[in-house]
Amino acid sequence: MTGTAPVPFTADDYKARMDRAARQAADAGLAGLLVAPGPDLVWLTGYAPPAVTERLTLLVLAAGREPVLVVPTLEAPDAEKATGAPALALRDWTDGKDPYALTAALLDAEGRFGVSDNAWALHLLGLQTTLPGTSYVSLTEALPMLRAVKDAAELERLAAAGAAADAAFEEIRNVRFSGRRESEVAADLAALLRRFGHSQVDFTIVASGPNGANPHHEAGDRRIERGDMVVLDFGGLKDGYGSDTSRTVHVGEPTEEERRVHDLVREAQEAGFRAVRPGAACQDVDRAARAVIADAGYGEYFIHRTGHGIGVTTHEPPYMIEGEEQPLVPGMCFSVEPGVYLPGRFGVRIEDIVTVTEDGGRRLNDTERGMVTVD
């Protein structure tokens, strides 16, 4: 069961993204953008090099100029097949030639450029040596919202990824937990994500009992016992877009305290969701969720931000955290995932992906948020 394949992106879609990115760079006072292999390059062009390589591959974007992709000659045939290739010019270089000299000819010798975060230092230093008058800033710092506002086609893919993750949860809640290792349940979750259409599984956190107090616990050999609270946090990529959801289940009947903490986190998650609306600041979502937990006396046990953006990666800007004043805009997508973590005892986290609408927010996950018991 994988659902209907989404409508493919076209060369015009990628051209529009590159044009928009170049305009945003100019508006930010940059001479252009330099985009290395990684999620930004895939989002802008549809091209992912066939392998990680030390050879320079770089997309050069500048307002008013044709986009140029610098590629090694041996990889040019693959680049030419990319969906976005008709919207840009290819400049290839052969081994033994200087790729930095080729790239330098495309750049303002005194310009300040935004550089994708995962660009190799090797390549950036090569450009600086060739063009010592240039300077650079990371894209996350210069254009944090570059990929943040999704169009209708992107929202459709994110919704489908969320629905697939929900289907995986509905299945996993029916498997046996008691007596099995965390790693076994995590493997079940990964298999379910793939069954429901994910091509990539990024994480399957299964944190039982005291391990639940570690938000990024890696599923291990601990055997899950009756009486355990179990945090499930899982996601990956489906048709190139991310899923990420968390639910906390209980093996057998919970204690009164466990129910109380779970209800508190559910209330905080609801408060964070209700704070989502156009014009609100990202930090308002964090404040709304955090206030509920703090007012109940558990503030010191909520130890992470309330949310993160999601798109072609499962974690990206914007971030729902105190101090982030970026206003919410329709089309933004991010998690709302408050938690309470009691060291040595248990943890609770409830997470949905939410998109900003014209008048509020819409959840892309819709499984049970109340206490779910499992065997």
Side-chain angles (χ1 to χ4, degrees), residues 6 144-170 215 232-239 241-248 262-295 302 304-340 348-370:
M145 297 299 108
L146 178 63
R147 304 195 317 256
V149 179
K150 276 63 179 181
D151 61 27
E154 291 181 291
L155 289 174
E156 181 180 338
R157 293 187 184 214
L158 283 161
D166 282 358
F169 176 73
E170 294 296 352
L232 304 173
D233 183 354
F234 51 98
L237 297 182
K238 180 181 186 296
D239 295 317
Y241 281 75
S243 69
D244 185 2
T245 187
S246 300
R247 293 292 186 264
T248 304
H262 193 281
D263 286 346
L264 173 65
V265 175
R266 180 177 58 173
E267 181 184 348
Q269 207 268 348
E270 177 69 18
F273 169 68
R274 293 191 177 280
V276 176
R277 63 185 183 280
C282 290
Q283 67 181 4
D284 293 340
V285 179
D286 182 82
R287 288 174 174 176
R290 199 168 298 276
V292 172
I293 293 173
D295 289 349
F302 181 11
H304 56 71
R305 64 196 176 204
T306 292
H308 58 81
I310 190 169
V312 294
T313 58
T314 48
H315 288 74
E316 62 186 43
Y319 298 103
M320 307 300 113
I321 186 63
E322 180 66 32
E324 179 51 79
E325 298 180 349
Q326 168 68 41
L328 300 181
V329 176
M332 283 184 178
C333 289
F334 47 83
S335 65
V336 178
E337 51 177 308
V340 168
V348 177
R349 181 163 65 257
I350 300 172
E351 173 185 14
D352 295 325
I353 298 302
V354 174
T355 182
V356 184
T357 65
E358 295 295 333
D359 57 2
R362 175 169 68 95
R363 285 185 166 105
L364 301 186
N365 297 103
D366 201 26
T367 54
E368 175 60 52
R369 295 176 196 89

- Task: Enter the distance from T367:OG1 to I350:CD1 here, rounded to the nearest 0.5 Å.
- Result: 9.5 Å
- Item | Heavy-atom closest contact (N365 atom, I353 atom, distance) | OD1-N, 2.8 Å
- Kindly state each residue pair satisfying salt bridge (Lys or Arg N to Asp or Glu O under 4.0 Å) with at least one member in residues 151-168, sequence neighbours excluded. R17-E154
- Message: Using 0.5 Å steps for rounding, measure from the SG atom of C282 to the CD atom of Q326.
- Response: 6.0 Å
- Task: Locate the shortest heavy-atom distance separating A165 from T245; write the atom from each residue and the value.
- Result: CB-CG2, 4.0 Å
- Task: Please name all residues satisfying side chain to side chain donor-acceptor pair (under 3.5 Å) with Q283, sequence neighbours left out, ordered by chain then number.
- Result: none
- Kindly indicate whether the side chain of M332, heavy atoms from C-beta on, has any atom under 4.5 Å from the side chain of P318. yes
- Message: Among residues at least two apart in sequence or on other chains, which ones pass side-chain contact (heavy atoms from CB on, under 4.5 Å) with A163?
- Response: none
- salt bridge (charged side-chain N to carboxylate O under 4.0 Å, His left out) against R363, all qualifying residues, sequence neighbours excluded: E270, D352
- With sequence neighbours excluded, what pairs up with D263 under the salt bridge (charged side-chain N to carboxylate O under 4.0 Å, His left out) test? R266
- Partners of A161 by side-chain contact (heavy atoms from CB on, under 4.5 Å), sequence neighbours excluded? K238, S243
- Which residue pairs satisfy the salt bridge (Lys or Arg N to Asp or Glu O under 4.0 Å) criterion with at least one member in residues 330-340, sequence neighbours excluded? E337-R349
- Query: Does M145 reach the side chain of P317, with side-chain heavy atoms less than 4.5 Å apart?
  - Reply: yes
- Task: Kindly write out the residues that satisfy side-chain contact (heavy atoms from CB on, under 4.5 Å) with T313, not counting sequence neighbours, or none if the list is empty.
- Result: P39, R147, E316
- State, yes or no, whether a side-chain contact exists between F334 and I310 at a heavy-atom distance under 4.5 Å. no
- Query: V276 versus R362: any side-chain heavy-atom pair under 4.5 Å?
  - Reply: no
- Query: Tell me, do H262 and T248 make a side-chain contact under 4.5 Å, heavy atoms counted?
  - Reply: yes
- Taken in chain and number order and not counting sequence neighbours, the residues that satisfy side chain to side chain donor-acceptor pair (under 3.5 Å) with T314 are D202
- ring pair (Phe, Tyr, Trp, His ring centres under 6.0 Å) against H315, all qualifying residues, sequence neighbours excluded: H308
- Query: What closest approach, in Å, do P330 and T357 show between heavy atoms, and which atom pair accounts for it?
  - Reply: CG-O, 3.6 Å
- Message: Please give me the minimum heavy-atom distance between D233 and S246, naming the atom from each residue.
- Response: CG-OG, 3.0 Å
- So, do L328 and V285 sit near enough that their side-chain heavy atoms are less than 4.5 Å apart? yes
- Message: So which atom in G361 and which in V354 form the shortest heavy-atom distance, rounded to 0.1 Å?
- Response: CA-CG1, 4.3 Å
- Message: M320 vs V336, test: side-chain contact (heavy atoms from CB on, under 4.5 Å). Steps then yes/no.
- Response: CA-CA 8 Å; M320 307 300 113; V336 178; 5.6 Å; no
- Message: So T355 and L158, do their side chains get closer than 4.5 Å, heavy atoms only?
- Response: no
- Task: Considering non-hydrogen atoms only, spot the tightest contact between I293 and P338 and give its length.
- Result: CD1-CB, 4.0 Å
- Message: Y241 vs V312, test: side-chain contact (heavy atoms from CB on, under 4.5 Å). Steps then yes/no.
- Response: CA-CA 5 Å; Y241 281 75; V312 294; 3.6 Å; yes
- Message: Closer than 3.5 angstrom, by distance alone: can the side chain of D295 be matched with the main-chain N or O of V292 as a donor-acceptor pair?
- Response: no
- D359 side chain reached by R277 side chain, heavy atoms, under 4.5 Å: no
- Of all pairs that satisfy salt bridge (Lys or Arg N to Asp or Glu O under 4.0 Å), the ones with a partner from residues 320-334, not counting sequence neighbours: R287-E322
- So, R247 side chain and E368 main chain: donor-acceptor pair closer than 3.5 Å or not? yes
- Can you sort out the partners of F169 under ring pair (Phe, Tyr, Trp, His ring centres under 6.0 Å), two or more places apart, ordered by chain and number? none
- F302 backbone acceptor or donor facing R290 side chain under 3.5 Å: yes
